[in-house]
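For reference, the structure is listed below as structure tokens.
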Amino acid sequence: MTTTDTKHDTATPALARGTLTLDDVRGRATISVDEAASVLGVSRSNAYASARRGDTFPVKRIGRRLLVPVPALLAWLGES
């Protein structure tokens, strides 16, 4: 199995379908910016641009990765 195959095996099933809801991410510590884009209903490029600017949803940088803390995202959205 290649590295690429492994990545697809661990992808969120709902994201693979093209949709992701808040219920899909509740209970997770973090999600990717791609997953946040799906939850928020915005394009991947808009999500990454917002994440780089830091003016919208909460983002944490770990090395080169941008991660979205789910509890902070839920709070930002006014969800519990």
Nearest 0.5 Å, please: how far is [atom2] in [Y] from [atom1] in [X]?
X	Y	atom1	atom2	value
S38	R44	OG	CZ	12.5 Å
L20	E35	CG	CD	6.0 Å
I31	L67	CD1	CG	9.5 Å
R26	L73	CZ	CG	10.0 Å

### Query
Hey, mind stepping through V68 and W76 against side chain to side chain contact (heavy atoms under 4.5 Å, CB included) and telling me if it holds?
CA-CA 11 Å; V68 180; W76 181 74; over 6 Å; no
### Message
So, using side-chain contact (heavy atoms from CB on, under 4.5 Å) as the criterion, who are the partners of S43 when residues are at least two apart?
### Response
S45, N46
#### Entry: Side-chain touch D24/T19, heavy atoms, less than 4.5 angstrom
no
### Task
Find out whether V39 and T21 are in side-chain contact, i.e. whether some heavy atom of one side chain is under 4.5 Å from a heavy atom of the other.
no
#### Entry: Flag, side chain of T30 to backbone of P69, donor-acceptor distance under 3.5 Å
no
In a table with atom names and distances, give each donor-acceptor pair under 3.5 Å that connects a side chain of residues 52-64 to protein atoms at least two apart or in another chain.
from : atom 1 : to  : atom 2 : distance (Å)
R53  : NE     : D55 : OD2    : 2.9
R53  : NH2    : S50 : OG     : 3.2

